[in-house]
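Count residues from 1 along the sequence. What's counted below: heavy atoms across the whole structure, side chains too, no hydrogens, waters or symmetry copies. Computed from a predicted model, the values in this text were never measured in an experiment.
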Amino acid sequence: MRATAGDSAAGDAEGRPADAIDASRTVSIGGSITEILYELGAAQNIVAVDSTSLYPRQALQEKKNVGYMRALSPEGVLGVAPSLILALQGAGPPQAMSVLKAAGVPIIMVGDDYSAEGILRKIERVAKAVQREERGRCVAERVRRDLDTLAQWRAGIGKPVRVVFVMSFVNGRAMVAGRNTAADGIIRMAGAVNAIDQFEGYKQLEDESVVAAQPDAVLAMLRDAEPVSAKQVFAHKGFALTPAAARNAFVAMDGLYLLGFGPRTASAARELAQKLYPDLKAPQTTGAAQAPPSLSCDR
């Protein structure tokens, strides 16, 4: 679980309640937070987003970009005159967050717990922060139904697939995801097992450790810069000796969709599950953007 002190509270770190905070000029830092704000119908209150806010696509087109969430410039954030900074846990660097806090702008940090319940808590936290709790309950209920459907389907899986998530290759060694990572969370949500459970976070693996993990499939992110490809992975001598190579089992998906743990995560988990278990029929979730009329949260 990735949470902050007071994450369950309605207000900011200084103890100000949400209903006393002006959310009319919100800076959204974290792709999943931006997604949730758009789902809540609060796009008009966003004055700036960070560079991970890739969905919906118009977010970076119509809002000012304050840079990468872990390399923020306080001047850039304060330059848009925010009334509220809504940031995902891990935003930084710490010095930048200290400057923003000292400037007196309310900052609400949102925890990142890579689980079904963590997604629902995140939606609730963001909805409270921008005083859209009724809409937040509707969005959360829609997402909960999708997640419950996936949970029922997972119960029917006989032998879970062993998956390794490869972030990149550094000096010829694979950087992979261990426990308590978004990759670990989405693998489990899709009904599979993370083949790397010896450590937490991300770490480079020696070839021997890759072979010992015996992954049945490799998961990676789709990206423009230095993408990880099936050809690259299975040409690596460590991966060449795994069941994944024998099956040529490689899956690449959009990074925010796969790892964001926001309103679309149930759909991402379903899509990943269908790729990992092609012979099984996965249930159709409604998806954040495809809810039936009875679940529509529009007003």
Worked check of salt bridge (charged side-chain N to carboxylate O under 4.0 Å, His left out) between Arg142 and Glu39: CA-CA 11 Å; Arg142 189 172 62 192; Glu39 281 290 316; 2.3 Å; yes
Residues Thr149, Asp146; criterion side chain to side chain donor-acceptor pair (under 3.5 Å); working and verdict: CA-CA 5 Å; Thr149 300; Asp146 284 353; 5.5 Å; no
Criterion side chain to side chain donor-acceptor pair (under 3.5 Å) on Tyr257 and Glu271, from CA distance to verdict: CA-CA 10 Å; Tyr257 180 53; Glu271 184 176 329; 3.1 Å; yes
Phe234 and Phe239: CA distance, side-chain angles, deciding distance, ring pair (Phe, Tyr, Trp, His ring centres under 6.0 Å) verdict: CA-CA 5 Å; Phe234 297 133; Phe239 286 94; 7.1 Å; no
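Arg25 contributes no side-chain N or O that, together with a main-chain N or O of Asn45, makes up a donor-acceptor pair within less than 3.5 Å. Judged by distance alone, with hydrogens and angles left aside, the side-chain atoms of Ser83 form a donor-acceptor pair with the main-chain N or O of Asp22 at under 3.5 Å. Between the Asn194 side chain and the Gly178 main chain, a donor and an acceptor come within less than 3.5 Å of each other. Using a distance-only test at 3.5 Å, with no hydrogens or angles considered, a donor-acceptor pair links the side chain of Asp50 to the main chain of Gly30. Remark: the backbone N or O of Ser115 is not paired with any side-chain donor or acceptor of Glu117 at under 3.5 angstrom.
Distance CZ/Arg270 to NZ/Lys275: 11.0 Å, rounded to 0.5 Å. A distance of 5.0 Å separates CG in Leu88 from NZ in Lys122, rounded to the nearest 0.5 Å.
Judged by a 6.0 Å distance limit and a 45° cone about the ring axis, Arg179 is not positioned over the six-membered ring of Phe199.
Between Arg137 and Glu141 there is no salt bridge, since no side-chain N of the basic residue sits under 4.0 Å from a carboxylate O of the acidic one.
Here the rule is side-chain contact (heavy atoms from CB on, under 4.5 Å) with Thr265, and of Leu150, Ile186, Val143 only Ile186 fits it.
Under 3.5 Å, the side chains of Asp112 and Gln89 contain no donor-acceptor pair of N or O atoms.
The salt bridge (charged side-chain N to carboxylate O under 4.0 Å, His left out) contacts involving residues 180-192 comprise Asp184-Arg188, where partners must be two or more places apart or lie in separate chains.
Counting heavy atoms from C-beta outward, Val27 and Val80 have side chains that approach closer than 4.5 Å.
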